[in-house]
Amino acid sequence: MSEQDKTIPSNFIRQIIDEDLKAGKHGGRVHTRFPPEPNGYLHIGHAKSICLNFGIARDYPGGLCNLRFDDTNPHKENVEYVNSIMQDVRWLGFDWDSRLFYASDYFEKLYQFALELISTGKAFVCDLNAGQMRDYRGTLTEPGRESPFRGRSVEENLDLFNRMRAGEFEDGSRVLRAKIDMASPNLNMRDPTLYRIRHGVIHHQTGEAWCIYPMYDYTHPISDALEGITHSLCTLEFEDHRPLYDWVLDNISIGHHPQQIEFSRLNLQYTVMSKRKLTQLVTEKYVTGWDDPRMPTVAGLRRRGYTPESIRLFCDRIGVTKADNSVEMEMLESCIREHLDQHAPRAMAVLNPLKVVIENYPEAKVEELKAPNHPKDETMGWRSLSFTREIYIDRDDFLEQAPNKFKRLVTGGEVRLRNAYVIKCERVVREAGGEISELRCSYDPATLGANPVGRKVRGVIHWVSASQGIRAKVCLYDRLFNHPAPDADKAVASFLEHLNPGSLRILENAVLEPSLAGAAPGSRYQFEREGYFCLDDHSHGGIPVFNRTVTLRDSWARIEQKKQ
RNA sequence: UGGGAUGUAGCUCAACUGGCAGAGCGACGGACUCUGACUCCGUAGGUUCGAGGUUCGACCCCUCGCAUCCCAGCCA
């Protein structure tokens, strides 16, 4: 782990653990778990949970954190998701060692505990269908009614449940229910379903071994207990389920009772975080896949160029509480800038090329200039730039007439070419339509590594040799939605209406400095004055594709924006 | 209108558990600069949801309100 991870702010959960340790609870052990359902890719909200659970395990002496797939609903789950989740957790920098588990590992034990609940009269087989069960459940303000099947004998229940397992009954015809309290103000306690029947699905781990599957509320506490988990951390919506979590463990013969603690999930502005909605974006092709660089998924952020360090830093900074929250994108962006500023080598790339001919520079000459890879870190070494008579600069870096505040190239003005000479714009060449096709400039040979005497240049701009540069495609990403809380806006029928049509801009004619020729897929650079970019790892052969991770902070753009 | 939770700066969180309300991000201004970046310096921003109460003293304890979020899957 890097230095950034060393000052982890505490939070209310760590305080609880501190107190538990002091009180000697759980024999001084700290054991957490990260329990994803493999029905989608991990997103930044999961990263928060991963950093919390694995972070606690890392920071407490002897602490452990399991990876456990909560795979009780084979209908929506598959191995692609299992694999992506393992890859993402590892990429984030965490390790479960040999403690990889599946809730489905416990199906037989879960079944035996169900038999125990039946035997002690605490569970029964119910023949009500889904609609009837809803009727019997009552409402938020009225108590429910007991199922007519609630009074079945232990023998009959045992027989029926065994036959459920044996496959004698159709989907939906029967369920196993806990016998708790149909009048409870907590709906989760109104005789909740423990097992349902699911024929004809092939479970990714257990195949066709089972046709009955346990529910989350029943599976989770037992899985936690079986694994010796001490602190079972989950999100706020499970707060109402805690009495049921405790009920299950209090009513079976199991020697361990973990403590469930809830925290609030992460919301990030200008994106969505629900798996259902992310899945919809993927399946309905609003994005190119789970790893589309605009997605808030771990895979998307990775392809976008985010580093594990930056995401961990983000998770540390947002903290862990029980308050609903909505974090600004700027917080995430500041984290990736902070990490990449230190670690990304610098390079030059011209995104919107404008040709510049330096008239007093020899035609065939190619001059190799040395440039540091990082302005503040010599250990990152040097690279070679090729300077030639014809170069490209960015169209945005030239204006025919500009206010004094414009620190770039203007007609008749001088500007420094980064790591090279000072040039002066002598005149503008236009196409028939009036558009500027190229600039004719002169250069001052005395300005390499030295300031011109007696005058000040307006500023510094980046450039790339026209003949030596490499053609590239560059993808500029913007927020996926143009509403801070797309899925919370009740004024529209669907969050999709807030999709930002300009979230991807592709520049086909960018030019990179020659040193970028051997760049490895996934490698990250700062293109000076532009932002941080990452060589897309889906691009092999052909012309390279760079994804913009994030722009540099740009006070000039901000001033310009304010004028409008 | 039942139950469960949460309200501290624009956003995210602190405040050693009753002792001068702070930080990061953001905003604004300035210095530096061969990146309008980085870095550095500074400024603004608070009725701690509200009203009462207890106390020498309340973000913290009590009472009553208000607002927001979650719960009526054989999803997790």
Side-chain angles (χ1 to χ4, degrees), chain A residues 9-11 15 35-37 39 70 72-73 75-77 126 128-130 133-135 137-144 171-177 184-190 192-198 212-213 215-217 219-220 234-243 262 264 266 269 275-276 314 316-335 337-338 341-342 346 348 371 374-376 405-408 415-420 422 447 449-451 457 459-462 488 526-531 551-559:
Chain A
S10 189
N11 55 56
Q15 282 170 15
E37 184 190 11
N39 67 344
D70 220 324
T72 56
N73 186 4
H75 204 70
K76 303 192 209 165
E77 301 158 4
C126 184
L128 256 27
N129 64 37
M133 267 192 59
R134 199 183 315 119
D135 287 344
R137 188 153 34 232
T139 67
L140 293 177
T141 51
E142 301 156 28
D171 284 16
S173 62
R174 288 188 163 90
V175 293
L176 182 74
R177 290 225 256 167
S184 171
N186 181 347
L187 303 220
N188 296 303
M189 299 300 269
R190 319 242 262 228
T193 301
L194 266 24
Y195 270 89
R196 75 285 215 187
I197 302 171
R198 285 276 182 282
I212 56 171
Y213 288 94
M215 301 287 289
Y216 167 87
D217 281 318
T219 309
H220 208 81
C234 63
T235 42
L236 244 32
E237 67 271 24
F238 293 104
E239 209 151 21
D240 285 345
H241 296 239
R242 186 169 4 115
E262 309 84 11
S264 53
L266 167 67
Q269 291 189 349
K275 258 198 235 177
R276 209 208 94 233
F314 173 73
D316 291 344
R317 282 192 180 162
I318 58 174
V320 178
T321 66
K322 297 185 70 150
D324 291 325
N325 60 79
S326 180
V327 177
E328 294 174 337
M329 206 54 106
E330 284 81 357
M331 185 84 92
L332 221 207
E333 292 180 342
S334 129
C335 292
R337 286 194 187 108
E338 184 170 322
D341 176 56
Q342 282 178 62
R346 311 287 126 122
M348 291 196 285
H374 194 286
K376 291 185 176 174
K405 278 186 187 166
F406 186 77
K407 298 175 22 180
R408 312 179 191 181
V415 79
R416 156 80 60 190
L417 293 176
R418 177 79 165 150
N419 296 309
V422 167
T447 54
N451 283 326
V457 297
V460 184
I461 65 173
H462 58 282
Q526 184 198 100
F527 292 168
E528 287 191 291
R529 304 208 314 129
E530 292 288 357
T551 61
L552 257 27
R553 266 183 87 247
D554 188 347
S555 45
W556 173 251
R558 216 171 288 141
I559 291 164

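Naming: A, B, ... by sequence-line order, numbering from 1 per chain. What you see is a predicted model; the values in this text were computed from it and never measured.
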Complement of [N], any strand, by Watson-Crick or G-U distances under 3.5 angstrom:
{"N": "B:rC56", "result": "B:rG19"}
{"N": "B:rC32", "result": "none"}
{"N": "B:rA27", "result": "B:rU43"}
{"N": "B:rC69", "result": "B:rG4"}

May I ask you to say what [X] touches in the nucleic acid, namely base, sugar-phosphate or nothing, with a heavy-atom cut-off under 4.0 Å?
{"X": "A:Ser10", "answer": "nothing"}
{"X": "A:Pro35", "answer": "nothing"}
{"X": "A:Ala557", "answer": "nothing"}
{"X": "A:Gln15", "answer": "base"}
{"X": "A:Asn419", "answer": "base"}
{"X": "A:Phe238", "answer": "base"}
{"X": "A:His241", "answer": "base"}
{"X": "A:Ala323", "answer": "sugar-phosphate"}
{"X": "A:Ile318", "answer": "sugar-phosphate"}
{"X": "A:Met215", "answer": "sugar-phosphate"}
{"X": "A:Glu333", "answer": "nothing"}
{"X": "A:Leu128", "answer": "base"}
{"X": "A:Val175", "answer": "base"}
{"X": "A:Arg174", "answer": "nothing"}

Taking syn as a glycosidic torsion within 90° of 0 and anything else as anti, which one is B:rU17?
syn
When syn is taken as a glycosidic angle within 90 degrees of 0, is B:rG73 syn or anti?
syn
Is the backbone of [Y] close enough, under 3.5 Å, to the side chain of [X] for a donor and an acceptor to pair up by distance?
{"X": "A:Thr447", "Y": "A:Ala450", "answer": "no"}
{"X": "A:Ser264", "Y": "A:Thr321", "answer": "yes"}
{"X": "A:Asn188", "Y": "A:Asp240", "answer": "yes"}

By ring-ring contact (aromatic ring centres under 6.0 Å, His included) - contacts of [X] (at least two apart):
{"X": "A:His462", "answer": "none"}
{"X": "A:His374", "answer": "none"}
{"X": "A:Tyr195", "answer": "A:Phe161, A:Tyr218"}

Restricting to side-chain contact (heavy atoms from CB on, under 4.5 Å), what partner residues turn up for A:Phe238, sequence neighbours left out?
A:Tyr216, A:Cys234, A:Thr235, A:His241, A:Gln260
Taking atom [atom1] in both [N] and [M], what distance in whole Å separates the two?
{"N": "B:rC71", "M": "B:rC25", "atom1": "P", "answer": "35 Å"}
{"N": "B:rG50", "M": "B:rA67", "atom1": "P", "answer": "15 Å"}
{"N": "B:rU12", "M": "B:rC75", "atom1": "P", "answer": "34 Å"}
{"N": "B:rA37", "M": "B:rA44", "atom1": "P", "answer": "23 Å"}
{"N": "B:rG7", "M": "B:rG46", "atom1": "C1'", "answer": "14 Å"}
{"N": "B:rG53", "M": "B:rA15", "atom1": "C1'", "answer": "24 Å"}
{"N": "B:rA76", "M": "B:rA14", "atom1": "C1'", "answer": "33 Å"}
{"N": "B:rA9", "M": "B:rG18", "atom1": "C1'", "answer": "24 Å"}

Residue mapping more 5' on RNA chain B - nearest nucleotide basis, A:Leu236 or A:Asp341
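That would be A:Leu236.
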Sorted by position of nearest nucleotide on RNA chain B, 5' first, the leading residue of A:Glu330 and A:Trp556 is A:Glu330
Mind checking salt bridge (Lys or Arg N to Asp or Glu O under 4.0 Å) for A:Arg317 and listing every partner two or more places apart, or none if nothing turns up?
A:Glu338
Charged N to carboxylate O under 4.0 angstrom, A:Arg553 versus A:Asp341?
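No, no charged N to carboxylate O under 4.0 Å.
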Earliest and latest nucleotide of RNA chain B, 5' to 3', sitting under 4.0 Å from a non-hydrogen atom of chain A?
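Listed 5' to 3', the contact boundaries are B:rU1 to B:rA76.
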